[in-house]
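Just so it is clear, the model here is predicted, and its values are computed rather than measured.
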Amino acid sequence: MHKAGFVNIVGNPNVGKSTLMNSLVGERISIITSKAQTTRHRIMGIVNTEDMQIVYSDTPGVLVPNYKLQESMLNFSQSALLDADILLYVTDVVEAPAKNQSFLDKVARETVPVLVVINKIDLLKEQSALETLVEEWKQLLPNAEIIPVSAQYKFNLDYLLKRIQELLPPSPPFFEKDALTDKPTRFFVTEIIREKILQTYDKEIPYACEVGVEQFHEEENRIHIMAVIYVERDSQKGIVIGKGGSALKKVGTLARKDIEVFFDKKVFLELYVKVEKDWRSRENKLKGFGYIPE
């Protein structure tokens with residue numbers, strides 16, 4: 001009997017959803033930084049065995065939207081409640097359990113199995129603190145199973161995976177058995193560049209940036225990529241480029257190294273910066289960047 005299902009990962013920003021997803025998939029599919037709102041899309045990672053297919057789905061952190069881009073991000077998170085076979089609600093030992101009660105109320109109404117994954121338990125000094133937290137979550141989501149883990153140190157992930165496998169429904173596979181993700185390779189180029197932007201710049205700059213791949217020319221031994229970093233204002237363009245182009249060069253170098261690892265090929269990366277005024281609030285631009293369906 002073959003089992004298959006959608007295991008959707010939801011939760012508030014910065015609780016470690018992407019780290020958990022990458023650990024469960026065994027590949028670096030979602031970008032990870034210490035900044036909130038790193039994940040903007042719903043990203044699938046597919047794990048195949050002979051008699052099983054688990055389709056994990058990483059989603060943006062749940063937040064109250066301030067502009068159209070964040071509305072789209074919230075839609076990705078809410079859509080994950082609709083088509084899940086198993087729901088992983090990820091929290092951590094730092095955030096207050098009742099944070100974002102309205103989303104929790106939706107999780108409480110789920111009819112599919114819900115696993116509350118309490119992440120970052122390596123930060124706790126006493127077992128009693130974890131026991132208190134588990135009790136709080138039992139009160140909030142009485143029908144859920146609570147599983148403490150450390151995604152970073154891979155603690156208790158084997159048990160989490162065992163429970164996911166046990167709860168998967170009987171089903172034929174949804175994707176080809178050699179599929180790793182539902183996203184095209186260009187998507188991962190833009191995500192790697194965006195990760196380096198998040199790591200390089202401070203304050204609002206990373207959130208005002210979007211990346212588009214203009215050219216992707218693959219040869220046997222190397223790939224030539226031309227990508228554009230879009231910002232919202234001229235002042236941001238100057239900061240992204242940096243004095244004498246130094247900041248942009250740093251982003252390009254860091255991104256190129258990771259893209260070479262991803263494709264296992266030599267990469268020639270050209271980066272440009274363009275102003276696309278207030279793109280985060282313009283529906284046509286968000287459609288073009290894949291945040292709103294055409």
Side chain proximity check, Val10 to Leu88, heavy atoms < 4.5 angstrom: no

Tested for side-chain contact (heavy atoms from CB on, under 4.5 Å) against Leu180, the lone hit among Val47, Ile46, Val25, Asn48 is Val25

Report yes or no: does Asp58 contribute a side-chain atom to a donor-acceptor pair with the main-chain N or O of Met21 at less than 3.5 Å? no

So for atom OH, which belongs to Tyr153, do other residues, nucleotides or ligands contribute more than 12 heavy atoms lying within a distance under 6.0 Å? no

Using distance alone, with no hydrogens and no angle criterion, decide if Glu191 and His41 have a side-chain donor and acceptor under 3.5 Å apart. no

Do side-chain atoms of Glu27 reach the backbone of Asn22 as a donor and acceptor pair under 3.5 angstrom? no

Charged N to carboxylate O below 4.0 Å: is that the case for Glu219 and Lys265? no

With distance as the sole test, does Asn119 use its side chain to make a donor-acceptor pair with the main-chain N or O of Val15 at under 3.5 Å? yes

Atom CD of residue position Glu176 - does it have more than 12 heavy atoms of other residues, nucleotides or ligands inside 6.0 Å? no

Under a plain distance cut-off of 3.5 Å, with no hydrogens placed, do Thr49 and Asp51 share a side-chain donor-acceptor pair? yes

Name the orientation class of the two ring planes belonging to Tyr291 and Trp279 (parallel below 30°, tilted from 30 to 60°, perpendicular beyond 60°). parallel

Is there a side-chain contact between Leu69 and Leu286 (heavy atoms, below 4.5 Å)? yes

How about Lys257: does its NZ atom have over 12 heavy atoms from other parts shown lying under 6.0 Å from it? no

Any side-chain heavy-atom pair from Phe262 and Val267 closer than 4.5 angstrom? no

On the 0 to 90° scale, with breaks at 30° and 60°, tag the Phe289-Tyr230 ring pair as parallel, tilted or perpendicular. tilted

Is the number of heavy atoms from other residues, nucleotides or ligands within 6.0 Å of NZ (Lys177) greater than 12? yes

Given Arg280 and Glu210, is the salt bridge (charged side-chain N to carboxylate O under 4.0 Å, His left out) satisfied, shown in steps? CA-CA 9 Å; Arg280 284 181 292 180; Glu210 183 55 71; over 6 Å; no

For the side chain to side chain donor-acceptor pair (under 3.5 Å) test, which of Thr59, Asp83, Asp85 pairs with Asn8? Asp83

Test applied, side-chain contact (heavy atoms from CB on, under 4.5 Å); reference residue, Pro97; option that passes from Leu133, Leu104, Leu141: Leu133

salt_bridge(Asp258, Lys196) N-O dist < 4.0 Å: yes

Before accepting this row, confirm whether a basic side-chain N of the pair Lys277/Glu232 lies closer than 4.0 Å to the acidic partner's carboxylate O. no

Using 4.0 Å as the upper bound for N to carboxylate O, is an ion pair formed by Lys266 and Glu218? no

For atom CD of Glu126, decide whether the heavy atoms of other residues, nucleotides or ligands shown that lie under 6.0 angstrom number more than 12. no

N-O pairing of Glu145 and Arg163 below 4.0 Å: yes

Just checking Phe216 against Phe263, ring centres under 6.0 Å apart? yes

